[in-house]
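Worksheet: the structure to be examined is printed underneath.
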Amino acid sequence: MKEETRKDISYNPKAIEHKWQEKWEADKLYRSVIDESKPKHYALTMLPYPSGDLHIGHWYAMTPSDARARFMRMRGYNVLFPMGFDAFGLPAENAAIKEGIHPMKRTYENIERMRKQMKTMGAMFDWEREAVSSDPEYYKWTEWFFIQLYKAGLAYRKLSAVDWCPKDNTTLAREQVIGEDRRCERCGTPVVKKELEQWFFRATKYADELLNFDGLDWPERVKTLQTNWINRSEGASVIFKTESGDEIEIFTTRPDTLWGATFMVFSPEHPLVDKVTTPENKAAVEAYQAQAARQSDIEREAVDKEKTGVFTGGYAINPVNNERIPIWVADYVLMSYGTGAIMAVPAHDERDFAFAKKYGLPIVEVIRPEGQEEAGELQEAYIGEGVMVNSGPFNGTKVNTEKGRKNPGISAVIDWLEEKGIGKESVNYRYRDWLISRQRYWGAPIPMIHCDVHGWNPVPEDQLPVMLPEDVEWKPTGESPLKLHPTWKNTTCPVCGEPATRETDTMDTFMCSSWYHLRYLSPHYDKGPFDEAEYNYWMPVDTYTGGIEHATMHLLYTRFFHKALRDAGIVEGNEPMMQLRNQGMVLGEDNEKMSKSRGNVIAPDVLVDRYGADTVRAYIMFFARWEMGAPWDSQGIEGSARWIRRIWVLFTDPSTTAQDASDSSGSASAEVKRTLRRKAHQTLRKVTHDFENFEFNTIVSSLMELLNEMYKAREAGAVGSPEWNEAQDIYLRMLAPVAPHIAEELWTNHLGKPYSIHQQQWPKFDEEAAKEDVIELPVQINGKVRDRITVPAEAGEEEIKAAALASETVRKYLDGKEPKKVIVAHKRLVSIVI
RNA sequence: GCCGAAGUGGCGGAAUAGGCAGACGCGCACGACUCAAAAUCGUGUUCCCUACGGGAAUGAGGGUUCGAUUCCCUCCUUCGGCACCA
């Protein structure tokens, strides 16, 4: 060992990292198998899309997650920490159109490159569980799940105006249209509306359940985003009638204002518009409809736009008072929310007020602030609390600002509506059903067959997977090659056996990622989507880590998916992922988002080559609060590199190692050794706490502090003492999750301890050792620190007080007088008021 | 407009059952080693002042308290989400 120490005198990550990675792999050190004797821990980090190269963001997401998984393993858990690829998707296909490279070829080449890059992280991924969503053995089950949802009545086909990305040539789910200007989540192109028949999942069926986060340890932020996205609103649905007797259902959150409904407004696309429009208004209404259809959603939905509309000439009957009220058409009413028709109560709704003022429609006050006389002409809509007036049987009923049943006025009116049979309590959501059809090739085929006689039927399950044909051509128009393929879509009807055609659309890739955590359990299992035994042992996911950008997409889809599978009897439990933590984003050194066009991209490969993976891992954990993220700093990483080198030096320098230091062994004072041991255990307590709480930056800084302390102890001659040996032992165990290679090298080759450090237990914390013997307390006089006193750690309040008052400085300030007040903040500080 | 998060040295960030603000690191300065440089090691590093000593300071202002980065109120800035949602 001595010779080896001399040989490897300077830290050389290249020499040690690859060596250990190979040995760990050969020894299957990170293979996770069912072990009933240990508690399990399923740690999951979001799988990457195989875009080409691993970037620093992947490292930022994955290596702290890996460190924590390693920590859990050392704490005695049987940890599963798998990795895979979300391999279907548009970029590969767009590249195929542009460059003529088949997306399959390109995807698998990228996967190979990224897998290789990932292996340089030294993460504890169990590669035998790798799952790739574009493998037929994977997407067979994605298709199978579609059929299960279809059978459960959760998949349906509907003609509707859907969002279409003209650049990517496909429809998008509502969640994938982002921002005020309604852009495609992938490519940033503004989307347009298109009338298409498409497949949907009935996610809205689970809206209420998705609002319930009981038992989930998820960030408030994500829960809020999902709650706002679903946007539940309570109210009533009420049936109005046209003069010819057609029913018009409306949704309102303010049934208490029904008596103030002085007109109705239809969305331009409302099906009854044509019928209620009188001949003399027909031209104007049609012109308005045509104009609305031409306008983009962005123009239409601009909030500050002045309201426009036209009168249809038709009238409706307000069912609560049988008033005859005019029906207008206006584009501020959206067909996509509620029923596409509203009752307008100008006195108590700002939008209706503005519209009524503009077109001279009547305004009837029905809620009045309590104790106030009739206000005369209203200057603005009144939204506050008050009592109902001009409301027939409800005059005098109190109304507050609560929603739904919590509001006495609303509650009373709902009861009355239900009794009379003209309306009922109702809940509305912004949340929409999940549109999953994509007019693209590189995705899991939707396993449905259309027959002219028998309509749509699923592909028989024994014929799965519906394989993607490989002999396909791309047209520059971007049209799906599945549609253009000469034979692929031809098949037979599963009901009658006559010629029929396949669905040529593929599934949204979020479908693939909704269940990948299940495929990891048994990626090559062919009797089902997962092996039951694996499921029973590992699920649910205990800790899930990934970016916040998926709050209302992936994270909502996967919750819906799990609930749907639960109801289909495929999985158990209400939630797939119990604990969620989001990491922030690494920005470029210019404090901007990293992008090739800005030229501020940090390549992890270059860093690994220069510093070694351990340093990159350490710096990633150290340089920012994990959930916040921060700009990269090329100078800053030098600090972490220095720290790792200093560890190396301390553990390998011949003057430090026990066997070479026998002359100085034990020469340190008891005080030095006591201090070293105390610091080691205090650090252990801190690091343990911080790992539990994902506070990676302070883990590294605590380890830096302890190292500095160990250097001091070395100077004071502590090397070779039991305290020194213990500190070394604890140090490497704590270091192992952060910097697994150097920890292994020092542990196994320099300290000669049993391989592998990654199979060791987390060190045992000794409360007694961490305890302070004496404590120093600041003494404040009138809120300012004037002195410090030193007292035994176990000193009581009286003793501390006496010591403080005995201090010379304090006596000087007191000048013989009695203090007004002496406060001893236990073991923290003494505060004296004069 | 509504909802949410965040504002601490030159920089990244520590510290919140209310208790020494600036841990740890970067950078910078000075020193040691060196012919010299790099590396390394050591010391210092919030700001202001007649500097032994004192004062101010955690986006701004106010409040509660012996004591506030931490709690409360008002406001400012930045970022994120939603938005004519009936």
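Throughout, a chain's letter reflects where its sequence line sits, starting with A, and its residues are numbered from 1.
- In this structure, A/F266 places its CZ atom 18 Å from C1' of B/rC84, rounding to the nearest Å.
- Between the CD atom of A/Q635 and the C1' atom of B/rC26 there is a distance of 7 Å, rounded to whole Å.
- Distances were taken from every side-chain heavy atom of A/M704 (C-beta onward) to each of B/rG25, B/rG19, B/rA86; the shortest belongs to B/rG25.
- Distance check on atom C1': B/rG10 versus B/rC2 gives 38 Å, rounded to whole Å.
- Taking atom CZ of A/R174 as the reference point, atom P of B/rC85 lies 13 Å away to the nearest angstrom.
- As judged by a 4.0 angstrom heavy-atom cut-off over every strand, A/R232 is placed among residues making no nucleic acid contact.
- Applying the 90° criterion around 0 to the glycosidic angle, B/rG67 comes out anti.
- Using a 4.0 Å cut-off between charged nitrogen and carboxylate oxygen, A/E715 and A/K712 do not count as a salt-bridge pair.
- Residues A/Y619 and A/W643 place their aromatic rings such that the two centres sit no closer than 6.0 Å.
- Separating the C1' atom of B/rG13 from that of B/rU69 is a span of 14 Å, rounded to the nearest Å.
- Comparing the C1' positions of B/rC72 and B/rG55 gives an interatomic distance of 29 Å, to the nearest angstrom.
- Taking all atoms of both residues into account, the shortest heavy-atom contact from A/R254 to A/I383 is NH1-O, 4.3 Å.
- The separation of B/rG27 from B/rC76, taken at their C1' atoms, amounts to 31 Å, rounded to a whole angstrom.
- Rounded to whole Å, the distance from CH2 on A/W626 to P on B/rA5 is 20 Å.
- In this structure, CD1 of A/I410 is placed 11 Å from P of B/rA86, rounded to the nearest angstrom.
- Ranking B/rA86, B/rC3, B/rC85 by closeness to the A/S233 side chain, first place goes to B/rA86.
- A cation-pi arrangement, defined by a distance under 6.0 Å to the six-membered ring centre and an angle within 45 degrees of its axis, is absent between A/R559 and A/W229.
- Between the side chains of A/Y337 and A/S233, at least one donor N or O lies within less than 3.5 Å of an accepting N or O.
- With distances taken from any side-chain atom of A/K307 to the nucleotides B/rG81, B/rC85, B/rC84, the minimum falls on B/rC84.
- A/K784 comes within 4.0 angstrom of the backbone, heavy atoms only, and of no base.
- Under a cut-off of 6.0 angstrom, the local environment of CE in A/M553 is crowded, with over 12 non-hydrogen atoms contributed by other residues, nucleotides or ligands.
- Checked by atom type and distance alone, the side chain of A/N407 never pairs as donor or acceptor with a backbone atom of A/V399 at under 3.5 Å.
- Tested against A/Y611 for a side chain to side chain donor-acceptor pair (under 3.5 Å), the candidates A/R645, A/E638, A/R617 yield a single pass: A/E638.
- Taking atom CZ of A/F353 as the reference point, atom P of B/rG1 lies 20 Å away to the nearest angstrom.
- Note on A/R432: nothing from the nucleic acid sits closer than 4.0 angstrom, heavy atoms only.
- Judged by Watson-Crick or G-U wobble contacts below 3.5 Å, the nucleotide B/rG10 has B/rC26 as its partner.
- Atom pair A/N582:CG and B/rG80:P shows a separation of 16 Å (rounding to whole Å applied).
- B/rG9 and B/rC48 are spaced 14 Å apart, taking the P atom of each and rounding to whole Å.
- Under the Watson-Crick and G-U wobble criteria, each requiring two contacts below 3.5 Å, nucleotide B/rG4 is paired to B/rC79.
- Note on A/R598 versus A/E592: salt bridge recorded, some NZ/NE/NH1/NH2 to OD/OE distance being below 4.0 Å.
- One side chain, A/T308 or A/Y288, offers a donor N or O that lies under 3.5 Å from an acceptor on the other.
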Name the pairs: protein N/O against N/O of nucleotides 62-68 of chain B, kept only if under 3.5 Å.
from, atom 1, to, atom 2, distance (Å)
B/rC66, OP1, A/K821, NZ, 3.0
B/rC66, O2, A/S831, OG, 2.5

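- Between the base of B/rC82 and the side chain of A/R430 there is no donor-acceptor pair shorter than 3.5 Å.
- A salt bridge is absent between A/R581 and A/E627; no separation between the charged side-chain nitrogens and carboxylate oxygens falls under 4.0 Å.
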Exercise. At under 4.0 Å between heavy atoms, which parts of nucleotides 11-18 of chain B does protein reach? Answer with one letter per nucleotide, 5' to 3': B base, S sugar-phosphate only, - none.
Key: -BSSS---
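- The number of heavy-atom neighbours closer than 6.0 Å to CD of A/E776, taken from other residues, nucleotides and ligands shown, is above 12.
- As judged by a 4.0 angstrom heavy-atom cut-off over every strand, A/R645 is placed among residues touching the sugar-phosphate backbone only.
- Within a 6.0 Å radius of CZ in A/R405, more than 12 heavy atoms belonging to other residues, nucleotides or ligands are found.
- Checked against B/rC3, B/rU40, B/rA86, the side chain of A/N228 finds its nearest nucleotide in B/rC3.
- Using a 4.0 Å heavy-atom distance criterion, A/W643 is classed as making no nucleic acid contact.
- Taking for each of A/R646 and A/L777 the nucleotide of RNA chain B with the nearest heavy atom, the 5'-most of the two is the partner of A/L777.
- Computed from coordinates, the A/H348 NE2 to B/rC84 P distance equals 23 Å when rounded to whole Å.
- Remark: the separation of the C1' atoms in B/rG62 and B/rU46 is 25 Å, to the nearest Å.
- B/rG31: Watson-Crick or G-U partner is B/rC41, with both key distances under 3.5 Å.
- When the C1' atom is used for both B/rG61 and B/rC41, the distance is 48 Å, rounded to whole Å.
- A/D614 and A/I742 make their closest contact through OD2-N, 2.7 Å (heavy atoms, listed as atom of the first residue, atom of the second, distance).
- Residues from residues 705-713 of chain A lying near RNA chain B, meaning a heavy-atom separation below 4.0 Å, are A/E705, A/N708 in numerical order.
- Base pairing of B/rA56: its partner is B/rU46, meeting the Watson-Crick or G-U wobble criterion (both donor-acceptor distances under 3.5 Å).
- The aromatic rings of A/W328 and A/Y359 are tilted relative to each other, their planes meeting at an angle between 30° and 60°.
- Comparing the P positions of B/rG80 and B/rG25 gives an interatomic distance of 33 Å, to the nearest angstrom.
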